Amino acid sequence: MTEQGTLKVAIVGTGAIAHAHAQVLGRDPLASVVAVADPTSAVREKFADEYRVAGRYDSLDALLAAETVDVVHLCTPPGLHKDQAITALRAGAHVVCEKPPVLSLADLDAVLEVAHEVGREYAVVFQQRTGTAVGHVQRLLAHGTLGRPLVGVCHTLWYRKQEDYYAVPWRGKWATEGGGPLLGLGIHQLDLLGFLLGEWAEVDARAFRLDRDLETEDTSTAVIRFANNAIVSVLTTALAPRQVSYVRVDTTLGTVEVEHLYGHDARSWRLTAAPSRTGAEPDAAPSSWTLPVDDEPSGHTPLLRAVYEALRSGEPLPAVAADPHRSLELVTAIYASATLGRPVTKADLAPGSTLRDGFLHGIEDLRPA
């Protein structure tokens, strides 16, 4: 820290998502972005000029050799996250990493082991967990106020073109992106789903290549049984022109829905009470279900604020940024089930399992010949 208690921050990777980080940090009077790193000089210089950052480097190693920083933000391609996180942690910095955190559960174990060893934090950006409304709904579900979860839907119906999105060299390849839309896009909704319903128990899935020219899938389906025996149908694709992100949970007392695209607020949520046994229409929702009037949307702002509050106080990371295992487990299980042709249980991913070493590649190619 500086003498004034300001955390010195570095941002590695200055592409599109880095702007979300820089904008939030720019509103924090106790955080100062002192350096950036990116191998593409034009992108790096434009970013650094925009946010008035003095330190400019072509690599994380060069940055750490010249600067002493408290926090490193990784906004780089997923295939770089493991090594960069470990390097930054061993240099004495906390790490804030964009999703997906790494490309395997074994890699995640390795990063968290180093973080524990050096006494630093590793926070992962899963911003769909954040926001006033989702926090309220999560508490209602956790406390049983909404009854017992029974069934659900989790849809990531997004659209990504071959000629621009997948023209980026590292996308759509197992070695550099790690997976397809399931890992790069759908993991947001899977993370939100897990935040609402807790631990999972079993996954039965398939993965397809229907249109895009990729190594990975462009579409996947899954049925997830959670530990509370709720059953959720999951569909993830990059082929849907009318884009929507939709999560729904039906309980014994009502229905919870959130429909949005890249971020939600109270207007995105709907809670519907179940009809009484004799009535044809839904009952009035109890007052305890009412969403808070003071509403903050999901996004990087509440997540980074909560992370930085924890870093300054020395408290554990908040729930919105801690324990990325569940989401990565679900992705691992979906790819494994699609490849093995059988359901995959949480026990199948226990420490020592080879399934923790990486994502399996069992994709059904159904594109026209």
Side-chain angles (χ1 to χ4, degrees), residues 1-14 17-37 51-55 57 60 63-64 66-76 80-102 108-132 134-135 191 195 296-328:
M1 287 190 180
T2 65
E3 292 181 1
Q4 293 77 26
T6 301
L7 289 168
K8 298 169 66 177
V9 182
I11 296 177
V12 183
T14 54
I17 199 61
H19 290 268
H21 290 246
Q23 289 161 12
V24 175
L25 293 168
R27 295 191 291 270
D28 185 341
L30 295 179
S32 176
V33 180
V34 299
V36 298
Y51 298 103
R52 300 180 181 179
V53 181
Y57 305 92
L60 173 62
L63 186 156
L64 293 174
E67 307 271 358
T68 299
V69 295
D70 301 299
V71 190
V72 171
H73 287 235
L74 297 180
C75 301
T76 49
L80 302 177
H81 287 172
K82 176 195 172 185
D83 290 344
Q84 289 181 335
I86 290 175
T87 296
L89 289 165
R90 290 204 179 280
H94 302 291
V95 172
V96 176
C97 184
E98 270 294 332
K99 62 78 199 163
V102 286
L108 182 57
D109 293 339
V111 171
L112 291 174
E113 182 178 348
V114 172
H116 178 75
E117 174 191 331
V118 301
R120 293 295 181 267
E121 297 291 353
Y122 177 67
V124 178
V125 178
F126 281 122
Q127 70 268 25
Q128 298 302 339
R129 298 184 199 179
T130 66
T132 311
V134 68
D191 187 74
F195 186 61
E296 180 176 41
S298 66
H300 285 71
T301 297
L303 189 146
L304 293 180
R305 181 180 65 237
V307 167
Y308 272 72
E309 287 174 354
L311 295 182
R312 293 184 182 109
S313 68
E315 294 295 317
L317 287 176
V320 294
D323 190 14
H325 278 97
R326 180 169 53 219
S327 304
L328 204 62

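These numbers come from a predicted model, not from an experiment.
- Side-chain N or O atoms of K8 include none that pairs as donor or acceptor with a backbone N or O of V71 at under 3.5 Å.
- Interatomic distance, OG of S32 versus CZ of R52, reported as 12.5 Å (0.5 Å rounding).
- Between V72 and V96 there is no side-chain heavy-atom pair separated by less than 4.5 Å.
- Distance check: E67 CD to Y57 OH gives 3.5 Å after rounding to the nearest 0.5 Å.
- Between the side chain of H81 and the backbone N or O of P100, at least one donor-acceptor pair lies under 3.5 Å.
- Within the model, atoms CG of L30 and CG of L311 stand 12.0 Å from one another, a figure rounded to the nearest 0.5 Å.
- You'll find the side chain of V33 reaches within 4.5 Å of the side chain of I11, heavy atoms only.
- A salt bridge is absent between D109 and K82; no separation between the charged side-chain nitrogens and carboxylate oxygens falls under 4.0 Å.
- Two residues are said to be in side-chain contact when any heavy atoms from C-beta on lie closer than 4.5 Å; L60 and T87 meet this criterion.
- Residues G13 and C75 approach most closely at O-CB, 3.5 Å, considering heavy atoms.
- Proximity of S313 to Y308: side-chain heavy atoms (C-beta onward) are nowhere separated by under 4.5 Å.
- Aromatic rings of H19 and Y51 (six-membered ring for Trp) have centroids within the 6.0 Å cut-off, being under it.
- In this structure, CD1 on I17 lies 13.0 Å from CG on L74, to the nearest 0.5 angstrom.
- Atom-to-atom distance recorded for H325:NE2 and S327:OG is 11.0 Å, nearest 0.5 angstrom.
- For the atom pair L304 CG and Q23 CD, the distance stands at 11.5 Å (nearest 0.5 Å).
- Looking only at atom types and distance, the side chain of H21 has a donor-acceptor partner in the side chain of E98 under 3.5 Å away.
- With contacts defined as side-chain heavy-atom distances shorter than 4.5 Å, the pair L25/H73 qualifies.
- No donor-acceptor contact under 3.5 angstrom links the side chains of S298 and R129, judged on distance only.
- Remark: side-chain polar atoms of R120 are paired, donor with acceptor, to backbone N or O of G92 under 3.5 angstrom.
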